[in-house]
Amino acid sequence: MSELNSLVMKILSPGKGILAADESTGTMTKRLDDVNVKSSQENRLKFRHTLFTSEKMRTGIGGVILYEETIKQEFNGQSIPDILKEFGSVPGIKVDTGAKNLAGSKNEKITEGLDGLRERLKDYYKLGARFTKWRGVYNISEGCPSNLAIKSNAHALARYASLVQESGMVPIVEPEVLMEGNHSEKTCFESTSKVLDECFRELILNKVDLSGIILKPNMILPGNMSKIELTSEEIAKLTIKCLKNSVPEQVPGITFLSGGQTEKGATANLNLINKLNSTNFIMSFSYGRALQQNALKYWSNNIEDVQGTQKVFNHRVEMCSLASTGNWDMSLEQN
Ligand code: 13P
(Lines give C-alpha, C1' and ligand atoms only; values in the text may rest on other atoms or scores of the structure.)
Protein backbone atom coordinates (compact mmCIF):
# COMPACT_ATOMS: atom_id res chain seq x y z
CA MET A 1 0.00 0.00 0.00
CA SER A 2 1.42 3.42 -0.92
CA GLU A 3 1.84 6.15 1.67
CA LEU A 4 -0.86 8.25 0.03
CA ASN A 5 -3.27 5.33 0.05
CA SER A 6 -2.58 4.74 3.77
CA LEU A 7 -3.35 8.39 4.40
CA VAL A 8 -6.69 8.07 2.57
CA MET A 9 -7.51 5.01 4.66
CA LYS A 10 -6.64 6.92 7.84
CA ILE A 11 -8.85 9.89 6.92
CA LEU A 12 -11.69 7.55 5.95
CA SER A 13 -11.32 4.96 8.68
CA PRO A 14 -14.62 3.23 9.55
CA GLY A 15 -17.29 5.64 10.78
CA LYS A 16 -15.30 8.72 9.79
CA GLY A 17 -15.79 11.41 7.18
CA ILE A 18 -14.50 14.89 6.47
CA LEU A 19 -15.58 18.25 7.87
CA ALA A 20 -15.38 20.94 5.17
CA ALA A 21 -14.61 24.11 7.15
CA ASP A 22 -12.79 25.80 4.28
CA GLU A 23 -15.25 28.54 3.46
CA SER A 24 -13.33 31.48 2.04
CA THR A 25 -13.60 34.69 4.06
CA GLY A 26 -16.20 35.91 1.54
CA THR A 27 -18.38 32.80 1.89
CA MET A 28 -17.96 32.68 5.68
CA THR A 29 -18.99 36.33 5.86
CA LYS A 30 -22.20 35.47 3.99
CA ARG A 31 -22.89 32.58 6.39
CA LEU A 32 -22.27 34.81 9.42
CA ASP A 33 -24.30 37.71 7.95
CA ASP A 34 -27.23 35.29 7.57
CA VAL A 35 -27.22 34.70 11.34
CA ASN A 36 -26.39 38.32 12.24
CA VAL A 37 -22.90 37.72 13.57
CA LYS A 38 -20.06 40.08 12.68
CA SER A 39 -17.56 38.34 10.40
CA SER A 40 -14.37 39.25 12.29
CA GLN A 41 -11.26 37.12 12.28
CA GLU A 42 -11.87 36.48 15.97
CA ASN A 43 -15.45 35.29 15.47
CA ARG A 44 -14.52 33.03 12.57
CA LEU A 45 -11.85 31.40 14.75
CA LYS A 46 -14.13 31.18 17.76
CA PHE A 47 -16.83 29.27 15.89
CA ARG A 48 -14.40 26.96 14.13
CA HIS A 49 -12.41 26.24 17.30
CA THR A 50 -15.67 25.32 19.03
CA LEU A 51 -16.39 22.75 16.33
CA PHE A 52 -12.84 21.39 16.17
CA THR A 53 -12.72 20.65 19.91
CA SER A 54 -16.07 18.82 20.04
CA GLU A 55 -15.98 15.29 21.45
CA LYS A 56 -17.44 13.54 18.40
CA MET A 57 -14.56 14.82 16.29
CA ARG A 58 -12.60 11.92 17.77
CA THR A 59 -14.89 9.22 16.39
CA GLY A 60 -16.64 10.83 13.41
CA ILE A 61 -14.19 13.14 11.65
CA GLY A 62 -10.99 11.86 10.04
CA GLY A 63 -10.02 15.05 8.25
CA VAL A 64 -10.84 18.76 8.31
CA ILE A 65 -10.47 21.00 5.28
CA LEU A 66 -9.24 24.42 6.39
CA TYR A 67 -9.07 27.78 4.69
CA GLU A 68 -5.73 29.57 4.44
CA GLU A 69 -6.66 31.96 7.27
CA THR A 70 -7.47 29.12 9.69
CA ILE A 71 -4.46 26.90 9.06
CA LYS A 72 -2.25 29.79 10.22
CA GLN A 73 -4.28 30.59 13.35
CA GLU A 74 -3.59 29.64 16.96
CA PHE A 75 -5.90 29.24 19.93
CA ASN A 76 -4.36 29.72 23.38
CA GLY A 77 -0.92 29.32 21.86
CA GLN A 78 -1.68 26.05 20.05
CA SER A 79 -1.84 25.93 16.26
CA ILE A 80 -5.11 24.83 14.67
CA PRO A 81 -3.45 21.89 12.84
CA ASP A 82 -2.04 20.67 16.19
CA ILE A 83 -5.47 20.95 17.82
CA LEU A 84 -7.00 18.90 14.99
CA LYS A 85 -4.33 16.22 15.35
CA GLU A 86 -5.06 16.02 19.06
CA PHE A 87 -8.70 15.34 18.22
CA GLY A 88 -7.74 12.57 15.80
CA SER A 89 -8.13 14.47 12.51
CA VAL A 90 -5.77 15.00 9.62
CA PRO A 91 -5.49 18.71 8.71
CA GLY A 92 -6.33 19.59 5.10
CA ILE A 93 -6.32 22.79 3.09
CA LYS A 94 -8.31 24.28 0.22
CA VAL A 95 -5.72 25.30 -2.38
CA ASP A 96 -7.74 26.64 -5.29
CA THR A 97 -8.21 30.39 -5.48
CA GLY A 98 -11.83 30.25 -6.54
CA ALA A 99 -14.08 29.84 -9.57
CA LYS A 100 -13.80 32.70 -12.07
CA ASN A 101 -15.76 33.45 -15.26
CA LEU A 102 -14.67 31.11 -18.05
CA ALA A 103 -13.62 33.06 -21.14
CA GLY A 104 -15.52 31.76 -24.15
CA SER A 105 -18.61 30.85 -22.13
CA LYS A 106 -21.36 33.19 -20.97
CA ASN A 107 -22.26 31.70 -17.63
CA GLU A 108 -19.74 29.06 -16.70
CA LYS A 109 -16.76 28.99 -14.36
CA ILE A 110 -13.17 27.86 -14.36
CA THR A 111 -11.36 27.27 -11.09
CA GLU A 112 -8.03 29.05 -10.78
CA GLY A 113 -4.96 28.65 -8.58
CA LEU A 114 -2.37 26.65 -10.53
CA ASP A 115 0.19 29.46 -10.82
CA GLY A 116 2.67 29.16 -7.97
CA LEU A 117 0.84 26.15 -6.56
CA ARG A 118 3.96 23.98 -6.21
CA GLU A 119 5.53 26.58 -3.86
CA ARG A 120 2.32 27.15 -1.89
CA LEU A 121 1.98 23.40 -1.34
CA LYS A 122 5.41 23.31 0.32
CA ASP A 123 4.25 25.98 2.77
CA TYR A 124 0.99 24.17 3.54
CA TYR A 125 2.88 20.94 4.17
CA LYS A 126 5.14 22.76 6.64
CA LEU A 127 2.06 24.12 8.38
CA GLY A 128 0.83 20.54 8.90
CA ALA A 129 -1.52 19.91 5.96
CA ARG A 130 -1.55 16.36 4.62
CA PHE A 131 -4.43 16.60 2.18
CA THR A 132 -5.88 19.31 -0.06
CA LYS A 133 -9.03 20.32 -1.89
CA TRP A 134 -9.77 21.85 -5.31
CA ARG A 135 -13.35 22.40 -6.42
CA GLY A 136 -14.45 22.64 -10.02
CA VAL A 137 -18.03 23.83 -10.45
CA TYR A 138 -20.48 23.15 -13.28
CA ASN A 139 -24.00 24.40 -13.74
CA ILE A 140 -26.83 22.68 -15.54
CA SER A 141 -28.75 24.88 -18.00
CA GLU A 142 -29.35 25.12 -21.75
CA GLY A 143 -26.16 23.79 -23.36
CA CYS A 144 -24.36 23.56 -19.98
CA PRO A 145 -22.15 22.12 -18.76
CA SER A 146 -20.45 22.79 -22.09
CA ASN A 147 -17.59 20.71 -23.43
CA LEU A 148 -15.37 23.72 -22.85
CA ALA A 149 -16.22 23.88 -19.14
CA ILE A 150 -15.95 20.11 -18.75
CA LYS A 151 -12.55 19.92 -20.45
CA SER A 152 -11.02 23.04 -18.87
CA ASN A 153 -12.00 22.14 -15.32
CA ALA A 154 -10.93 18.51 -15.70
CA HIS A 155 -7.53 19.63 -16.95
CA ALA A 156 -7.07 22.02 -14.01
CA LEU A 157 -8.22 19.39 -11.49
CA ALA A 158 -5.75 16.86 -12.88
CA ARG A 159 -2.80 19.25 -12.92
CA TYR A 160 -3.65 20.21 -9.35
CA ALA A 161 -3.91 16.58 -8.23
CA SER A 162 -0.58 15.70 -9.81
CA LEU A 163 1.22 18.59 -8.08
CA VAL A 164 -0.36 17.69 -4.74
CA GLN A 165 0.77 14.07 -4.93
CA GLU A 166 4.26 15.25 -5.88
CA SER A 167 4.27 17.25 -2.64
CA GLY A 168 3.35 14.16 -0.57
CA MET A 169 -0.28 15.04 0.11
CA VAL A 170 -3.63 13.49 -0.85
CA PRO A 171 -5.70 15.54 -3.30
CA ILE A 172 -9.46 15.72 -2.91
CA VAL A 173 -10.76 16.00 -6.46
CA GLU A 174 -14.07 17.85 -6.31
CA PRO A 175 -16.06 18.27 -9.51
CA GLU A 176 -19.38 19.70 -8.31
CA VAL A 177 -22.38 19.66 -10.61
CA LEU A 178 -24.67 22.18 -8.94
CA MET A 179 -28.22 21.32 -7.96
CA GLU A 180 -29.60 24.79 -8.85
CA GLY A 181 -32.18 24.64 -11.62
CA ASN A 182 -35.33 22.88 -12.72
CA HIS A 183 -33.64 19.97 -14.47
CA SER A 184 -34.50 16.32 -13.83
CA GLU A 185 -32.37 13.76 -12.02
CA LYS A 186 -31.76 12.17 -15.44
CA THR A 187 -30.06 15.37 -16.63
CA CYS A 188 -28.01 15.48 -13.43
CA PHE A 189 -26.99 11.86 -14.02
CA GLU A 190 -25.92 12.56 -17.62
CA SER A 191 -24.03 15.75 -16.79
CA THR A 192 -22.28 14.20 -13.79
CA SER A 193 -21.28 11.17 -15.87
CA LYS A 194 -19.73 13.38 -18.56
CA VAL A 195 -17.92 15.47 -15.95
CA LEU A 196 -16.53 12.44 -14.11
CA ASP A 197 -15.49 10.62 -17.29
CA GLU A 198 -13.47 13.64 -18.44
CA CYS A 199 -11.93 14.16 -14.99
CA PHE A 200 -10.64 10.60 -14.87
CA ARG A 201 -9.40 10.77 -18.47
CA GLU A 202 -7.31 13.81 -17.47
CA LEU A 203 -6.21 12.36 -14.12
CA ILE A 204 -4.87 9.30 -15.91
CA LEU A 205 -3.21 11.44 -18.62
CA ASN A 206 -1.48 13.43 -15.86
CA LYS A 207 -0.24 10.20 -14.22
CA VAL A 208 -2.13 10.74 -10.98
CA ASP A 209 -2.04 7.70 -8.68
CA LEU A 210 -5.76 6.98 -8.39
CA SER A 211 -5.23 4.92 -5.23
CA GLY A 212 -4.03 8.11 -3.51
CA ILE A 213 -6.94 10.47 -4.18
CA ILE A 214 -10.36 11.09 -2.65
CA LEU A 215 -13.20 11.91 -5.05
CA LYS A 216 -15.71 14.46 -3.80
CA PRO A 217 -18.74 14.43 -6.09
CA ASN A 218 -22.33 15.59 -5.88
CA MET A 219 -25.09 13.05 -5.39
CA ILE A 220 -27.49 12.52 -8.29
CA LEU A 221 -30.44 14.77 -7.50
CA PRO A 222 -33.18 16.56 -9.41
CA GLY A 223 -32.76 20.34 -9.66
CA ASN A 224 -33.81 22.22 -6.55
CA MET A 225 -36.50 24.12 -8.52
CA SER A 226 -37.81 21.10 -10.43
CA LYS A 227 -40.57 20.08 -7.99
CA ILE A 228 -39.49 16.47 -8.56
CA GLU A 229 -39.34 14.54 -5.31
CA LEU A 230 -37.28 11.38 -5.07
CA THR A 231 -36.87 9.00 -2.17
CA SER A 232 -33.44 8.50 -0.62
CA GLU A 233 -33.49 5.01 -2.09
CA GLU A 234 -33.98 6.37 -5.63
CA ILE A 235 -31.22 8.96 -5.10
CA ALA A 236 -28.87 6.31 -3.70
CA LYS A 237 -29.47 3.90 -6.59
CA LEU A 238 -28.82 6.56 -9.24
CA THR A 239 -25.75 7.87 -7.41
CA ILE A 240 -24.22 4.41 -7.04
CA LYS A 241 -24.95 3.58 -10.69
CA CYS A 242 -23.31 6.78 -11.90
CA LEU A 243 -20.19 6.28 -9.77
CA LYS A 244 -19.91 2.61 -10.68
CA ASN A 245 -19.94 3.55 -14.39
CA SER A 246 -17.50 6.45 -14.23
CA VAL A 247 -15.07 5.97 -11.34
CA PRO A 248 -12.11 3.58 -11.82
CA GLU A 249 -11.98 0.92 -9.14
CA GLN A 250 -8.50 1.93 -7.91
CA VAL A 251 -10.08 5.00 -6.27
CA PRO A 252 -10.34 4.08 -2.56
CA GLY A 253 -12.76 6.65 -1.25
CA ILE A 254 -15.64 8.86 -2.28
CA THR A 255 -16.86 11.60 0.05
CA PHE A 256 -19.95 13.50 -0.98
CA LEU A 257 -20.49 17.24 -0.73
CA SER A 258 -23.87 18.29 0.65
CA GLY A 259 -24.39 21.05 -1.93
CA GLY A 260 -27.36 22.74 -0.26
CA GLN A 261 -29.23 19.61 0.90
CA THR A 262 -30.69 19.81 4.40
CA GLU A 263 -28.76 18.22 7.25
CA LYS A 264 -31.24 15.35 7.56
CA GLY A 265 -31.63 14.94 3.80
CA ALA A 266 -27.88 14.65 3.23
CA THR A 267 -27.65 12.16 6.10
CA ALA A 268 -30.58 10.01 4.92
CA ASN A 269 -29.21 9.88 1.37
CA LEU A 270 -25.71 8.92 2.50
CA ASN A 271 -27.18 6.22 4.72
CA LEU A 272 -29.07 4.64 1.82
CA ILE A 273 -26.00 4.89 -0.41
CA ASN A 274 -24.12 2.81 2.16
CA LYS A 275 -26.95 0.36 2.69
CA LEU A 276 -27.11 -0.29 -1.06
CA ASN A 277 -23.41 0.14 -1.86
CA SER A 278 -22.48 -2.63 -4.29
CA THR A 279 -18.99 -1.24 -4.99
CA ASN A 280 -15.67 -1.45 -3.16
CA PHE A 281 -15.51 2.33 -2.71
CA ILE A 282 -15.65 3.71 0.81
CA MET A 283 -18.61 6.11 0.63
CA SER A 284 -18.59 8.83 3.25
CA PHE A 285 -19.20 12.54 3.69
CA SER A 286 -17.25 15.75 3.25
CA TYR A 287 -19.99 18.10 4.28
CA GLY A 288 -19.81 21.82 4.93
CA ARG A 289 -23.31 23.15 5.43
CA ALA A 290 -24.89 19.78 6.31
CA LEU A 291 -22.56 19.50 9.32
CA GLN A 292 -22.45 23.11 10.44
CA GLN A 293 -25.86 24.66 9.77
CA ASN A 294 -27.64 23.96 13.06
CA ALA A 295 -24.50 24.46 15.14
CA LEU A 296 -24.00 27.87 13.52
CA LYS A 297 -27.62 28.82 14.15
CA TYR A 298 -27.36 27.83 17.82
CA TRP A 299 -23.98 29.52 18.27
CA SER A 300 -25.15 32.77 16.70
CA ASN A 301 -27.69 33.14 19.51
CA ASN A 302 -25.41 31.81 22.26
CA ILE A 303 -21.96 32.91 21.26
CA GLU A 304 -20.33 32.14 24.63
CA ASP A 305 -22.03 28.75 25.01
CA VAL A 306 -19.28 26.43 23.79
CA GLN A 307 -20.82 23.30 25.32
CA GLY A 308 -24.29 23.95 23.93
CA THR A 309 -22.90 24.55 20.44
CA GLN A 310 -20.77 21.43 20.68
CA LYS A 311 -23.81 19.41 21.71
CA VAL A 312 -25.60 20.40 18.49
CA PHE A 313 -22.49 19.70 16.40
CA ASN A 314 -21.74 16.39 18.16
CA HIS A 315 -25.22 15.16 17.33
CA ARG A 316 -24.82 16.01 13.63
CA VAL A 317 -21.40 14.36 13.44
CA GLU A 318 -22.77 11.25 15.11
CA MET A 319 -25.67 11.05 12.64
CA CYS A 320 -23.34 11.43 9.64
CA SER A 321 -20.94 8.91 11.11
CA LEU A 322 -23.77 6.36 11.43
CA ALA A 323 -24.86 7.13 7.85
CA SER A 324 -21.33 6.48 6.62
CA THR A 325 -21.77 2.85 7.66
CA GLY A 326 -25.46 2.56 6.77
CA ASN A 327 -26.53 2.43 10.41
CA TRP A 328 -28.46 5.70 10.69
CA ASP A 329 -32.18 5.80 11.31
CA MET A 330 -34.60 8.74 11.33
CA SER A 331 -35.70 7.81 14.87
CA LEU A 332 -32.21 8.77 16.13
CA GLU A 333 -32.65 12.38 15.00
CA GLN A 334 -33.30 15.05 17.62
CA ASN A 335 -36.24 17.35 16.68
P1 13P B 1 -21.23 21.74 1.22
O2 13P B 1 -21.32 20.39 1.89
O3 13P B 1 -21.85 22.84 2.02
O4 13P B 1 -21.71 21.68 -0.21
O5 13P B 1 -19.70 22.12 1.18
C6 13P B 1 -18.79 21.18 0.81
C7 13P B 1 -17.66 21.81 0.10
O8 13P B 1 -16.54 21.68 0.51
C9 13P B 1 -17.95 22.57 -1.12
O10 13P B 1 -16.76 22.85 -1.78
Side-chain angles (χ1 to χ4, degrees), residues 11-12 17-32 34-35 47-48 51 60-71 89-100 109-113 129 131-140 153 156-157 160-161 164 170-181 188 192 195 199 213-221 223-224 235 239 253-270 273 283-297 313 316-317 319-321 323-324:
I11 296 167
L12 300 183
I18 296 171
L19 166 62
D22 61 325
E23 299 85 359
S24 64
T25 303
T27 303
M28 197 59 192
T29 300
K30 260 188 246 152
R31 304 256 193 277
L32 291 172
D34 286 347
V35 292
F47 177 63
R48 286 168 166 158
L51 302 186
I61 302 292
V64 177
I65 319 172
L66 300 168
Y67 184 56
E68 175 135 28
E69 173 183 84
T70 325
I71 200 169
S89 275
V90 178
I93 176 84
K94 178 229 275 305
V95 303
D96 68 65
T97 54
K100 309 285 159 59
K109 302 280 183 193
I110 177 72
T111 301
E112 296 191 345
F131 75 102
T132 64
K133 179 187 116 173
W134 180 290
R135 171 176 174 258
V137 56
Y138 311 81
N139 70 71
I140 297 182
N153 276 295
L157 272 164
Y160 140 81
V164 170
V170 167
I172 293 186
V173 173
E174 180 179 7
E176 175 175 8
V177 178
L178 295 170
M179 66 151 93
E180 275 74 34
C188 177
T192 305
V195 162
C199 279
I213 71 164
I214 295 173
L215 177 69
K216 176 164 171 168
N218 49 285
M219 294 180 192
I220 304 300
L221 301 164
N224 61 356
I235 292 165
T239 303
I254 296 176
T255 59
F256 297 95
L257 58 95
S258 59
Q261 299 183 64
T262 61
E263 292 192 343
K264 283 180 198 163
T267 311
N269 292 341
L270 177 64
I273 287 172
M283 305 265 212
S284 191
F285 57 91
S286 175
Y287 292 162
R289 285 162 287 179
L291 277 169
Q292 298 182 52
Q293 225 157 42
N294 280 342
L296 180 63
K297 216 181 287 166
F313 182 64
R316 199 70 250 143
V317 172
M319 295 298 101
C320 288
S321 169
S324 76

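Numbering of ligands and ligand atoms starts at 1, following listing order.
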> Any idea which protein heavy atom is nearest atom 5 (O) of ligand 1, and the distance to it?
Replying inline: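 Residue, atom and distance for the closest contact: Gly288 N, 3.6 Å.
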
>> Starting from atom 2 (O) of ligand 1, what is the nearest protein heavy atom, named by residue and atom, and what distance separates them?
In response: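 Here the nearest protein heavy atom works out to Ser258 OG, 2.4 Å.
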
>> Can you confirm, on distance only, whether ligand 1 has an N/O atom lying under 3.5 Å from any N/O atom belonging to Arg31?
In response: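 So ligand 1 has no N or O lying under 3.5 Å from an N or O of Arg31.
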
> Considering all heavy atoms of both residues, which atom of Met219 and which atom of Asn269 are nearest to each other, and what is their separation?
Replying inline: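 Heavy atoms only, the tightest pair is SD-CB, 3.5 Å.
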
> atom 7 (C) of ligand 1: which of Gln292, Lys216, Gln261, Arg135 has the nearest heavy atom?
Replying inline: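 That would be Lys216.
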
>> At under 4.0 Å between heavy atoms, is it the side chain or the backbone of Ala20 that contacts ligand 1, or both, or neither?
In response: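 Ala20 to ligand 1: side-chain contact only, backbone stays beyond 4.0 Å.
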
> Applying a 4.0 Å heavy-atom criterion (strictly less than), which segment of Ala266 is in contact with ligand 1: side chain, backbone, both, or neither?
Replying inline: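 For Ala266, there is no contact with ligand 1 at all, from either part.
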
> Which of these passes side-chain contact (heavy atoms from CB on, under 4.5 Å) with Gln292: Arg31, Arg316, Glu23?
Replying inline: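 Only match with Gln292 under side-chain contact (heavy atoms from CB on, under 4.5 Å): Glu23.
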
>> Between Tyr138 and Thr192, does the side chain to side chain contact (heavy atoms under 4.5 Å, CB included) criterion hold? Intermediate values first, please.
In response: CA-CA 9 Å; Tyr138 311 81; Thr192 305; over 6 Å; no

In terms of atom number and element, which parts of ligand 1 are under 4.0 angstrom from non-hydrogen atoms of [X]?
X      : result
Tyr287 : 2 (O)
Glu174 : 7 (C), 9 (C), 10 (O)
Gly259 : 1 (P), 2 (O), 4 (O)
Ser286 : 6 (C)
Lys133 : 7 (C), 8 (O), 9 (C), 10 (O)

> Roughly how far, to the nearest 0.5 Å, is CD1 of Ile220 from SG of Cys188?
Replying inline: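 The CD1 atom of Ile220 is 4.0 Å from SG of Cys188, to the nearest 0.5 Å.
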
> Between atom CZ of Arg135 and atom CG of Leu157, what is the distance when rounded to the nearest 0.5 Å?
Replying inline: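 Atom-to-atom, Arg135:CZ and Leu157:CG are 11.0 Å apart.
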
>> When you compare the side chain of Leu291 with that of Ile61, does any pair of heavy atoms fall below 4.5 Å?
In response: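 Side-chain contact under 4.5 Å: yes.
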
> Should Glu174 and Lys94 count as an ion pair when the cut-off is N to O under 4.0 Å?
Replying inline: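 No salt bridge links Glu174 with Lys94.
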
> Counting N and O atoms only, with roles assigned by atom type, does the side chain of Glu176 sit under 3.5 Å from a partner on the main chain of Leu257, one being a donor and the other an acceptor?
Replying inline: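 Not confirmed, Glu176 side chain does not pair with Leu257 backbone.
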
